[in-house]
Novice: 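Got a structure here, written out as structure tokens. Questions coming.
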Amino acid sequence: MSGVPAARATPAGGVAASWDRHAKGSTQHVRSIAGQQPITAYLRYRTTMQQQMAFSSSVRGTALPAKPRASNGAARARLAVRGQSQQAPRSVQTSGAATAEAVTNGIVTSPLFRLSYDTDNEHPDLTRSWKKTMKIAVTGAAGQISNHLLFMLASGEVFGRDQPVALQLLGSERSREALEGVAMELEDSLYPLLREVKLGIDAHKVFEDADWALLIGAKPRGPGMERSALLDINGQIFQEQARALNEVASRDCKMLVVGNPCNTNALIGIHNAPDLPARNWHALTRLDENRAKCQLAIKAGKFYTSVTNVAIWGNHSTTQVPDFLNAKIGGVRVPNVIRDQQWLKEEFTPKVANRGGALIKKWGRSSAASTAVSIADHLRSLYTPTAPGDCFSTAVYTAGNPYGLDEDLVFSMPCRSNGDGNYEVINDFVIDDWLRDKLQESEAELQKERDCVGHLIPGASKAVCAITEDTMLPGEN
Ligand SMILES: NC(=O)C1=CN([C@@H]2O[C@H](COP(=O)(O)OP(=O)(O)OC[C@H]3O[C@@H](n4cnc5c(N)ncnc54)[C@H](OP(=O)(O)O)[C@@H]3O)[C@@H](O)[C@H]2O)C=CC1
Ligand SMILES: O=C([O-])CC(=O)C(=O)O
């Protein structure tokens with residue numbers, strides 16, 4: 001691991017300096033409002049939108065039509081912050097970029113939105129206990145999942161009420177307008193902990209100094225598409241983004257891959273970011289864990305909080321293995337509570353593995369709110385000491401794994417954390433013959449996926465794609 005600190009000091013009086021490098025010719029503070037009165041639990045103030053408008057006008061010639069986006073995440077997360085200490089009025093400094101910074105090799109770089117709160121100087125009582133600002137890069141920021149997640153991140157409910165955050169949002173030509181809309185909603189949500197928002201379409205700019213990269217943006221598979229085609233298309237996205245992270249992110253940046261196929265995308269990331277620790281890469285399987293807990297709780301007639309130690313093993317696909325053998329309900333192993341092996345093996349297991357598909361059939365699109373919640377759960381698990389006898393699931397690099405798995409995969413395993421943002425793989429889970437066979441199936445699937453993306457992994461042999469079965473995503477059965 002390298003020596004660059006995970007979070008850098010936010011200069012007192014705002015964070016303008018860090019953005020001025022990008023917003024050439026547009027660094028004036030266009031408005032500063034102080035002394036507004038708080039109304040009930042909220043701060044009430046007004047701020048300008050002109051910096052956001054500049055975003056689209058600067059690139060109007062190339063912008064594609066905005067994508068529609070969902071909009072129910074903001075309100076829910078906003079409620080969560082009401083209990084927070086927001087009594088002090090604050091100053092707001094905004095600075096908008098009037099023009100696109102550069103067009104290089106056909107890529108328009110547009111860092112343009114900046115919102116910085118001058119609370120450090122004016123309200124030291126509010127900010128004294130705050131930690132250093134955490135820089136969080138999010139891709140697919142104008143998509144469904146992000147629409148829920150960003151507001152949770154800004155509210156403090158994920159990283160804590162003493163953890164200010166800067167959001168660095170990556171969009172594309174497709175999503176320029178939508179991303180501006182996201183930024184407007186963030187601004188309108190009055191989150192004291194949200195210190196800065198940056199929008200851009202160049203990963204090298206957006207990922208700069210990031211402490212976390214939440215890699216959500218990826219193409220979903222469409223009708224008639226071959227699995228190998230999706231691996232290739234999305235694999236290329238993750239190859240490029242990993243290279244950018246390798247160059248500009250914090251040297252201890254942690255990455256969570258959500259975009260599917262997330263395990264193999266994370267593997268591509270690991271191999272294309274050689275200067276970042278491989279163990280810092282995660283692929284999201286927490287949604288599967290939450291789904292498994294829900295089903296076990298329903299079957300046992302218990303509240304979900306009594307369901308613990310639930311591991312998801314393997315790929316975020318229909319070969320995943322929700323582990324009922326080691327799971328507990330009320331501290332008792334599940335097979336001793338739910339005495340129905342047939343249900344556990346033939347109903348519970350496929351139900352969890354196919355939950356995404358069942359939801360798509362009902363809702364017409366893939367899980368978004370519950371995915372955002374599971375991302376929040378994933379992150380919280382890394383910053384909270386894991387209770388003795390419990391675990392959380394995350395797909396991580398298998399080098400040195402205690403279960404004899406292929407050492408060059410991203411495979412979901414039971415983990416624990418001491419709350420410092422890192423994790424260790426728990427090494428004493430019981431593996432019986434049934435579970436071992438299931439693990440091997442998922443391992444074999446991931447090996448085939450790896451073979452398909454050989455061309456995206458430096459030093460690997462040429463891609464040979466032998467995937468024939470259609471088992472990739474829980475949303476696509
Ligand atoms: N691991 C898990 O548990 C789960 C994973 N997922 C996965 O998360 C990803 C995002 O889901 P969701 O937010 O619902 O999706 P959306 O379609 O709402 O948003 C996806 C975003 O990905 C970006 N993107 C990047 N490249 C492409 C491309 N080639 N084609 C289309 N979009 C692209 C787009 O943003 P822009 O134009 O700004 O680049 C788009 O807004 C998907 O891959 C989905 O399968 C979903 C649920 C659970
Ligand atoms: O299948 C999808 O596209 C969405 C997904 O990963 C899930 O819901 O688990």
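Start at 1 and go down the list; that is how both ligands and their atoms are numbered.
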Novice: For ligand 1, does Thr371 get within less than 4.0 Å through its side chain, its backbone, both, or neither, judged by non-hydrogen atoms?
Specialist: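 Within the 4.0 Å criterion, Thr371 contacts ligand 1 through side-chain atoms alone.
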
Novice: Inspect the contact between Asp288 and Arg286 and indicate whether a charged nitrogen and a carboxylate oxygen are less than 4.0 angstrom apart.
Specialist: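 Answer for the salt bridge query: no.
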
Novice: Touching ligand 1 at all, Cys262? Heavy atoms, strictly under 4.0 Å?
Specialist: yes

Novice: Do the side chain of Ser317 and the main chain of Thr319 share a donor and acceptor less than 3.5 angstrom apart?
Specialist: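 Present.
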
Novice: Relative to the heavy atoms of Gly356, which atoms of ligand 2 are at a distance of less than 4.0 Å?
Specialist: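 Once the distances to Gly356 are compared, the set is 8 (O).
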
Novice: Below 3.5 Å, N or O to N or O, backbone or side chain included: is there any such pair between Ser367 and ligand 1?
Specialist: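 No, no N or O pair falls under 3.5 Å.
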
Novice: Flag this pair as yes if the NZ/CZ of Arg436 is under 6.0 angstrom from the six-membered ring centre of Tyr403 and inside a 45 degree cone about the axis; otherwise no.
Specialist: no

Novice: Using a 4.0 Å heavy-atom cut-off, which part of Asn260 comes near ligand 1: side chain, backbone, both, or neither?
Specialist: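 Both backbone and side chain.
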
Novice: How does Asn260 reach ligand 2, if at all, at less than 4.0 Å between non-hydrogen atoms: by side chain, backbone, both, or neither?
Specialist: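 It is the side chain that touches ligand 2; the backbone stays farther off.
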
Novice: Decide whether an N or O pair under 3.5 Å exists between Ala218 and ligand 1.
Specialist: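 Ala218 vs ligand 1: N/O contact under 3.5 Å present.
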
Novice: Can you check whether Cys415 and Cys391 have SGs under 2.5 Å apart?
Specialist: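 Their SG atoms do not fall under 2.5 Å; no disulfide, then.
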
Novice: Is Glu289 salt-bridged to Lys293, cutoff N-O under 4.0 Å?
Specialist: yes

Novice: Are any of the N/O atoms in Gly140 less than 3.5 Å from those in ligand 1?
Specialist: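 No, Gly140 has no N/O under 3.5 Å of an N/O on ligand 1.
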
Novice: Is it true that Lys448 and Asp451 have a side-chain N and a carboxylate O under 4.0 angstrom from each other?
Specialist: no

Novice: Salt bridge check, Glu173 against Arg176: does any charged N sit closer than 4.0 Å to a carboxylate O?
Specialist: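 Looking at Arg176 and Glu173, the cut-off is met.
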
Novice: How does Gln144 reach ligand 1, by side chain, by backbone, by both or by neither, if only non-hydrogen atoms under 4.0 Å count?
Specialist: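 Both backbone and side chain.
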
Novice: Only one of Leu287, Leu284, Ile312 passes side chain to side chain contact (heavy atoms under 4.5 Å, CB included) with Ser393; say which it is.
Specialist: Ile312

Novice: Consider every N or O of Ser175 and every N or O of ligand 1, then say whether any pair is closer than 3.5 Å.
Specialist: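 Ser175 vs ligand 1: N/O contact under 3.5 Å present.
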
Novice: Out of Arg365, Arg355, Arg291, His316, who gets a non-hydrogen atom closest to atom 8 (O) of ligand 2?
Specialist: Arg291

Novice: Can you tell which part of Arg174 has a heavy atom less than 4.0 Å from ligand 1: side chain, backbone, both or neither?
Specialist: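 The side chain, only.
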
Novice: I'd like to check whether Ser146 has a polar contact with ligand 1, where a contact means an N/O of the residue lying under 3.5 Å from an N/O of the ligand.
Specialist: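 N/O-N/O distance under 3.5 Å: no.
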
